[in-house]
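For the numbers below, each heavy atom of this structure counts, side chains included, while hydrogens, waters and symmetry mates do not.
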Amino acid sequence: MNKFGKRLVVALMAASMLATPVYAAPNTDEIQAEKEQKEKEVQSVQAQLQTMVSKISETEEKLITKGEEIQKAKEDLAEAEKKQEQQYESMKVRIKYMYEQGDTKALEDLFTSNSIADFLNQADYIETVHNYDREKLEEYVETKEQIASLKESLEKDLEKLEKMQASFESQKEALSETLTQKQAEVANLDQELQAAIAQAAAEEEARRKAAEEAQRKAEEEAASKESASNSNTTSGQGSTSGNQTSGNTASGNTTNRPSGGGTSNTNKNDTAEKPSTSKPSASKPSTGSGSNTSTSTGNTSAASRIVSAARSCLGTPYVWAGNTPGVGLDCSGLVKYCHSVAGISVDRTSSALGAGGRAVSSPQPGDVVCYPGHVGIYIGGGQMIHAPQPGDVVKISSVYSCGTPWYRRYW
């Protein structure tokens with residue numbers, strides 16, 4: 001190995017020992033592990049939320065059934081009261097007919113009978129009429145009381161179901177908030193992870209450049225020293241050659257001058273591997289909006305009739321299992337009625353309505369606004385017509401007043 005080679009090796013070793021910037025390397029493994037843990041928590045909350053939504057749907061079906069039973073009980077009660085009133089009126093007419101001339105007339109009818117048998121028949125008739133009226137009246141009163149008792153029992157059951165539904169809704173809201181928080185934590189960790197990966201890549205690039213710069217300077221320094229050394233050697237050889245010129249010239253000998261222009265080539269690693277900066281995918285919770293999303297328009301004439309029907313129901317009281325505008329409607333009853341006006345048959349529960357039809361990403365007036373346990377009719381401008389809850393009426397509200405919706409189209 002020549003002098004230049006030795007000096008170059010020494011220079012490179014010295015360059016490798018030069019101080020280079022030192023950064024605190026971000027622990028991407030820890031961030032990734034924490035992110036994966038948060039994603040598991042998100043999945044757990046999503047599972048709990050789905051269970052709660054199922055409970056809400058099941059309770060809604062029970063509420064609708066109970067509401068139908070109450071409506072039937074009300075109808076039966078009204079019929080029993082009507083029959084009771086009719087029986088009472090008929091009894092009053094008979095009493096009036098029999099006694100309008102006073103008790104003496106009844107006695108006359110008895111004692112002017114043609115025979116004992118006729119007398120007994122008259123007495124039996126009067127007693128039979130009294131007994132019939134009394135029995136019928138008592139029967140209708142008992143029927144009315146039984147129906148009233150059933151209605152009261154059904155209303156108590158409905159009240160319990162409403163409280164249960166309210167509890168489920170409250171738990172759903174809490175889970176939704178938790179889910180949103182967990183998703184935000186996952187998103188933040190994902191950003192931290194990307195920043196850490198970018199920082200690690202930047203630090204690696206800085207180290208690579210620093211090493212290249214140190215290597216370049218070492219090569220330049222070695223080359224400079226070698227050049228100076230060659231220059232000194234050449235100068236010394238030239239002095240010796242001048243002293244021996246006369247003898248050497250006579251003999252014809254000459255001295256060859258060594259070349260100092262040769263340099264060694266050093267390969268540089270310009271293709272150092274960089275860490276991947278691709279963004280890891282975070283699990284996205286299902287929105288329950290369906291897989292096939294459509295933006296195409298349908299029968300706009302039918303959609304217009306749906307919206308008009310919804311507007312005609314404004315102010316109708318909320319009644320579980322209600323199907324009659326102006327009398328009583330619940331949320332799915334309103335949606336079913338409005339579609340029936342347009343000649344479209346749809347399901348009766350919010351869960352079925354939220355899963356049927358076609359999913360749409362850009363809602364149009366006439367589409368169904370869907371939430372877990374609730375539905376309405378979209379009328380445009382971010383608003384809907386819906387039957388909110390017991391004690392309220394069909395009205396116009398913002399689509400976001402009940403949460404984040406998805407949309408279904410049946411027209």
Side-chain angles (χ1 to χ4, degrees), residues 32-66 160-191 193 280-293 318 320 330-332 334-335 346-363 367-378 382 384 386-390 392 397-409:
Q32 180 65 37
E34 186 178 357
K35 176 172 173 284
E36 290 174 356
Q37 178 60 34
K38 292 297 181 182
E39 287 175 342
K40 289 180 181 178
E41 293 176 7
V42 166
Q43 292 173 1
S44 175
V45 174
Q46 283 178 324
Q48 295 177 53
L49 186 58
Q50 185 58 47
T51 299
M52 196 57 59
V53 169
S54 298
K55 288 182 179 180
I56 289 172
S57 297
E58 291 171 4
T59 307
E60 180 195 9
E61 292 178 2
K62 291 178 182 179
L63 283 165
I64 290 175
T65 300
K66 195 64 66 176
K160 290 179 181 178
L161 286 171
E162 287 177 343
K163 289 181 179 179
M164 185 185 300
Q165 186 79 328
S167 174
F168 289 156
E169 289 285 352
S170 177
Q171 293 179 57
K172 178 181 74 70
E173 291 300 323
L175 285 170
S176 296
E177 290 179 3
T178 301
L179 180 61
T180 301
Q181 179 184 350
K182 296 295 183 184
Q183 288 173 333
E185 291 175 359
V186 170
N188 289 337
L189 286 170
D190 190 57
Q191 291 179 355
L193 182 60
S281 61
S283 59
K284 183 179 181 181
S286 172
T287 60
S289 59
S291 57
N292 297 323
T293 302
Y318 186 102
W320 279 112
D330 61 12
C331 65
S332 55
L334 169 67
V335 172
V346 297
D347 289 306
R348 182 60 179 77
T349 63
S350 62
S351 58
L353 287 165
R358 288 183 295 133
V360 289
S361 57
S362 299
D367 289 336
V368 180
V369 187
C370 307
Y371 312 85
H374 190 58
V375 287
I377 298 294
Y378 187 70
M384 65 176 173
H386 68 141
Q389 59 191 357
D392 211 333
S397 301
S398 165
V399 296
Y400 293 102
S401 63
C402 300
T404 302
W406 69 93
Y407 303 89
R408 292 282 173 171
R409 181 171 298 168

Taking all heavy atoms of T59 and all of Q165, pick out the closest pair and write down the distance.
CB-OE1, 3.1 Å
Between P390 and W320, which heavy-atom pair has the shortest distance, and what is it?
CG-NE1, 3.5 Å
Walk me through it: do N188 and Q191 pass the test side-chain contact (heavy atoms from CB on, under 4.5 Å)?
CA-CA 5 Å; N188 289 337; Q191 291 179 355; 4.2 Å; yes
Any heavy-atom pair between the side chains of H386 and V375 that's under 4.5 Å?
no
Short question: side chain of S54, backbone of Q50 - any donor-acceptor pair under 3.5 Å?
yes
V368 versus Y407: any side-chain heavy-atom pair under 4.5 Å?
no
Checking V399 against Y371 for the side-chain contact (heavy atoms from CB on, under 4.5 Å) test, could you report, in this order, the C-alpha distance in whole Å, the side-chain angles of both residues, the deciding distance, and whether it holds?
CA-CA 10 Å; V399 296; Y371 312 85; 3.9 Å; yes
Sorted by chain and residue number, the ring pair (Phe, Tyr, Trp, His ring centres under 6.0 Å) partners of F168 (sequence neighbours excluded) come out as none
Please name the pair of heavy atoms, one in R409 and one in S362, separated by the smallest distance, quoted to 0.1 Å.
NH2-O, 3.8 Å
Quick check: do L63 and K66 have side-chain heavy atoms less than 4.5 Å from each other?
no
When rounded to the nearest 0.5 angstrom, what distance separates NE2 in H374 from OG in S57?
13.0 Å
Residue set satisfying side chain to side chain contact (heavy atoms under 4.5 Å, CB included) with E61, at least two apart, ordered chain then number -> T349, S351
Working for side chain to side chain donor-acceptor pair (under 3.5 Å), residues Q32 and E36:
CA-CA 6 Å; Q32 180 65 37; E36 290 174 356; 3.2 Å; yes
Hydrogens and angles aside, do E39 and Q43 bring a side-chain donor and acceptor to less than 3.5 Å of each other?
no
Answer yes or no: is there a side-chain heavy-atom contact under 4.5 Å between E60 and C331?
yes
For K55, give me all partners under salt bridge (charged side-chain N to carboxylate O under 4.0 Å, His left out), at least two apart in sequence or on another chain.
none
Minimal heavy-atom distance between C370 and L353, with the atoms involved, is SG-O, 4.2 Å
Flag side-chain contact, heavy atom, 4.5 Å: M52 against L175
yes
Kindly determine whether D330 and R348 satisfy salt bridge (Lys or Arg N to Asp or Glu O under 4.0 Å), including the steps that lead there.
CA-CA 10 Å; D330 61 12; R348 182 60 179 77; 3.1 Å; yes
Side-chain heavy atoms of E41 within contact of Q37, under 4.5 Å:
yes
